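Notes to accompany the following structure.
What you see is a predicted model; the values in this text were computed from it and never measured.
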Amino acid sequence: MPYNDFLMPEIPADAQDDESVRDFEFECALASLGKQPIVLCIGSDRVTGDCLGPIVGQMLVERKANAFVYGTLDRPITALNLKDAILHIKNAHKGQKVLAIDSSVGRLADVGKIRVSFGSIAPGSADGKKLPKVGDVSITATVTDPRKTPLSAVRLGTVYALAGTIAARIIKCLQ
């Protein structure tokens, strides 16, 4: 396990998927961000497997989450404008911590898993892009095994369901 992964107390194997355990992860991670956190939802609305971030951002805005949300379906944060978004956030929200959300690729067995980590993520790294790392806390969801299904062919239903789960848990933790 990398050093920046979210560490949890020992939990019995049969309780690993328990909703209260997952809520605990989100609560701890979001608590470290302070009140009205910055949420940076990364991804493109033009690639199904990469639209997790913008869908989460859209859901947070529509549900009036108590957060500063950057990256929605109307205004996605992509490789083209990520550096500008980071600069804007640093200037507009000096010293505040950032929650970064992005889709990820991985093994077939990990598809559908949501991961909460302390530390930054490297957007676009699966495509070999050299973008700045971002986030003090990160949430990623594995949407595909690229050896089986390319990002462009991931089912929208899969991404939408993961985005709904992430948005609902963030909103619950911000209440």
Side-chain angles (χ1 to χ4, degrees), residues 2-7 22-106 113-143 151 154 159-160 162-175:
Y3 76 95
N4 66 343
D5 281 353
F6 183 80
L7 299 176
R22 290 186 301 246
D23 284 346
F24 177 73
E25 291 175 343
F26 276 81
E27 288 171 15
C28 289
L30 287 175
S32 74
L33 297 171
K35 291 186 177 184
Q36 206 170 19
I38 312 305
V39 184
L40 180 60
C41 301
I42 303 162
S44 173
D45 62 331
R46 296 180 181 201
V47 179
T48 310
D50 195 33
C51 67
L52 176 86
I55 293 173
V56 171
Q58 191 72 36
M59 289 175 173
L60 293 175
V61 168
E62 288 174 358
R63 296 174 189 172
K64 300 182 183 353
N66 187 25
F68 295 99
V69 178
Y70 294 90
T72 62
L73 290 171
D74 295 330
R75 299 184 70 187
I77 303 297
T78 68
L80 300 176
N81 62 358
L82 178 63
K83 289 179 184 175
D84 291 336
I86 292 169
L87 183 61
H88 172 78
I89 289 168
K90 284 182 180 180
N91 289 331
H93 307 281
K94 290 184 185 352
Q96 284 189 264
K97 294 182 178 180
V98 174
L99 168 62
I101 300 172
D102 198 5
S103 59
S104 67
V105 298
K113 291 187 179 178
I114 297 170
R115 182 180 188 144
V116 180
S117 301
F118 287 103
S120 60
I121 55 175
S125 59
D127 290 334
K129 294 178 182 163
K130 302 284 188 208
L131 298 171
K133 290 185 177 183
V134 64
D136 299 286
V137 173
S138 60
I139 299 174
T140 59
T142 305
V143 298
L151 272 176
V154 172
V159 176
Y160 194 83
L162 289 166
T165 298
I166 293 168
R169 291 219 164 90
I170 290 171
I171 289 168
K172 182 177 179 179
C173 291
L174 292 176
Q175 293 176 344

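- Qualifying ring pair (Phe, Tyr, Trp, His ring centres under 6.0 Å) partners for H93, counting only residues two or more places apart in sequence or in other chains: F68, Y70.
- In this structure, V98 and S138 have side chains that are not in contact, with every pair of non-hydrogen atoms separated by 4.5 Å or more.
- Put simply, OH on Y160 and OG1 on T48 are 14.5 Å apart, with the number rounded to the nearest 0.5 Å.
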message: One pair to check against side-chain contact (heavy atoms from CB on, under 4.5 Å): V137 and K97. What are the steps and the verdict?
response: CA-CA 8 Å; V137 173; K97 294 182 178 180; over 6 Å; no
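- In terms of modelled atom types and a separation under 3.5 Å, the side chain of Q36 and the main chain of N66 share no donor-acceptor contact.
- When every heavy atom of P54 is checked against every heavy atom of G43, the shortest pair comes out as CG-O, 3.3 Å.
- Taking 4.5 Å as the limit, some side-chain heavy atom of L40 sits within range of a side-chain heavy atom of I77.
- Taking a 6.0 Å sphere around CZ of R46, one finds it holds 12 or fewer heavy atoms contributed by other residues, nucleotides or ligands.
- Under the 3.5 Å distance criterion, the side-chain polar atoms of S103 are matched with a main-chain donor or acceptor of G49.
- Note that SG of C41 and CG of L60 are 5.5 Å apart. Values are rounded to the nearest 0.5 Å.
- When all heavy atoms of A141 and I114 are compared, the pair lying nearest together is CB-CG1, 4.1 Å.
- Remark: the backbone N or O of S44 is paired with a side-chain donor or acceptor of D50 at under 3.5 angstrom.
- Taking the side chain as every heavy atom from C-beta outward, I121 and K133 never approach each other to under 4.5 Å.
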- request: Under the side-chain contact (heavy atoms from CB on, under 4.5 Å) rule, what do L99 and D136 come out as? Steps first, then yes or no, please.
  value: CA-CA 6 Å; L99 168 62; D136 299 286; over 6 Å; no
- request: Check the pair I55 / V159 against side-chain contact (heavy atoms from CB on, under 4.5 Å), numbers first and verdict last.
  value: CA-CA 8 Å; I55 293 173; V159 176; 4.1 Å; yes
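- At a threshold of 4.5 Å between non-hydrogen side-chain atoms, the residues T140 and I101 do not count as touching.
- For the pair I170 and I139, the minimum side-chain heavy-atom distance is below 4.5 Å.
- Screening I42, L82, T78 against L131 for a side chain to side chain contact (heavy atoms under 4.5 Å, CB included) leaves a single residue, L82.
- Between G164 and R63, the shortest heavy-atom distance links the atoms O-NH1, 4.4 Å.
- Applying the side chain to side chain donor-acceptor pair (under 3.5 Å) rule to S104 yields the partners T142; only residues at least two apart in sequence or on another chain are considered.
- Within the structure, the ring-ring contact (aromatic ring centres under 6.0 Å, His included) test picks out no pair touching residues 29-65 (sequence neighbours left out).
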- prompt: Under the side-chain contact (heavy atoms from CB on, under 4.5 Å) criterion, do L52 and I166 qualify, and how do the steps go?
  reply: CA-CA 10 Å; L52 176 86; I166 293 168; 4.1 Å; yes
